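Here's the structure we're looking at; comments come further down.
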Amino acid sequence: MSTTPVITPVSRLTVPPIDELDSQVLRTHFRQQEQTEGHTSNWFRALSLNAGDLERLLGYLGPLLAPDGGSARLPLREREVIATVVSGDNRCAYCHTNHANKLGRVLGDHSVAHRVAIDHRHVDELTPRERALGDLAVAVNRDPQSITDETYETLRSVHGLDDHEILEALSVAAFIGATNRLGVALAVPPNPEYTGTPEATR
């Protein structure tokens, strides 16, 4: 007996079909994502409504979280720890699931990654430096005024971070916080590929 797949909207706002996007840059981006990953990101699809905004976001987000390192200074594992901690802290369904999935692949253990999203402070599999980056991420997300000169000095002297790496950590935390707020406001659902849910999306 055949069943009709459940179609889950990717946004609370109208999202144009990929073929109808005015932006060649975005059409190319989604075609490449489909070829390399086997799906298109619900979050990026939701933001494609304003093509110019998404093009600018891609220009910033791509290098910041590039899996191959790109111009990033921090290892991918540390960047994904930060992204997962912030997404879990903000209870963003899409970003939590997406970044926990990516961190799980980097760690080789998805259960650890989901524990990082819940409370990184009690995940023994993380290094002290990773837990410190998680603490910094929470501070950026909740109360950036709580960050002091002593915070930075500890990151330098105890955890071996230089100022370029500290700024990158701040940027990842702040940018992911912004993506979380967009995802929550638009009710962007996690991709089935991140959760194992057998449903189609549009």
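What you see is a predicted model, and the numbers here were worked out from it, not measured in a lab.
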Worked check of side chain to side chain donor-acceptor pair (under 3.5 Å) between Tyr94 and Thr179: CA-CA 10 Å; Tyr94 174 85; Thr179 69; over 6 Å; no
Under the side-chain hydrogen bond (donor to acceptor under 3.5 Å, both in side chains) test, which residues partner Arg73, sequence neighbours left out? none
Contacts of type side-chain hydrogen bond (donor to acceptor under 3.5 Å, both in side chains), residue Arg115, not counting sequence neighbours: Glu125
Would you say the side-chain atoms of Arg27 pair up with the backbone N or O of Leu21, donor to acceptor, closer than 3.5 Å? yes
What do the steps show when you test Ser11 against Leu49 for side-chain contact (heavy atoms from CB on, under 4.5 Å), and what is the final call? CA-CA 10 Å; Ser11 173; Leu49 175 61; over 6 Å; no
Less than 4.5 Å apart, any side-chain heavy atom of His114 and any of Ser111? no
Measuring only between side-chain heavy atoms, which start at C-beta, is Asn141 closer than 4.5 Å to Ile176? no
One pair to check against salt bridge (Lys or Arg N to Asp or Glu O under 4.0 Å): Arg31 and Glu34. What are the steps and the verdict? CA-CA 5 Å; Arg31 282 197 297 269; Glu34 182 70 46; over 6 Å; no
Is the backbone of Glu37 close enough, under 3.5 Å, to the side chain of His39 for a donor and an acceptor to pair up by distance? yes
Hey, do the aromatic rings of Phe44 and Phe30 have their centres closer than 6.0 Å? no
Taking atom types as modelled, is there a side-chain donor on Thr28 or Gln24 under 3.5 Å from an acceptor on the other? yes
Do Asn98 and Asn191 have side-chain atoms, one donor and one acceptor, less than 3.5 Å apart? no
Can any side-chain N or O of Thr84 pair as donor or acceptor with the backbone N or O of His99 at less than 3.5 Å? yes
Set of residues satisfying ring pair (Phe, Tyr, Trp, His ring centres under 6.0 Å) with respect to Tyr152, sequence neighbours excluded: none
Can you list everything that forms a salt bridge (charged side-chain N to carboxylate O under 4.0 Å, His left out) with Arg77? Sequence neighbours excluded, please. Glu130
Pairs meeting criterion salt bridge (charged side-chain N to carboxylate O under 4.0 Å, His left out) with involvement of residues 86-96, two or more places apart: Asp89-Arg142
Taking Arg45 for the side chain and Pro16 for the main chain, is one N or O donor matched with an acceptor at less than 3.5 Å? yes
Polar contact flag, side-chain donor to acceptor under 3.5 angstrom, Asn90-His96: no
Leu133 vs Leu126, test: side-chain contact (heavy atoms from CB on, under 4.5 Å). Steps then yes/no. CA-CA 10 Å; Leu133 287 169; Leu126 295 183; over 6 Å; no
Can a donor-acceptor pair be found, under 3.5 Å and without considering hydrogens, that links the side chain of Asp143 to the backbone of Ala139? no
Any donor-acceptor pair under 3.5 Å linking the side chain of Thr148 with the backbone of Thr151? yes
Heavy-atom donor-acceptor pair, Asp162 side chain to His164 backbone, under 3.5 Å: yes
According to the side-chain hydrogen bond (donor to acceptor under 3.5 Å, both in side chains) rule, which pairs have a member within residues 13-22, sequence neighbours left out? none
Using a 3.5 Å distance criterion without hydrogens, assess whether the side chain of Arg12 forms a donor-acceptor pair with backbone atoms of Ala185. yes
Evaluation steps, side chain to side chain donor-acceptor pair (under 3.5 Å), between Ser41 and Gln33: CA-CA 8 Å; Ser41 157; Gln33 191 177 54; 4.7 Å; no
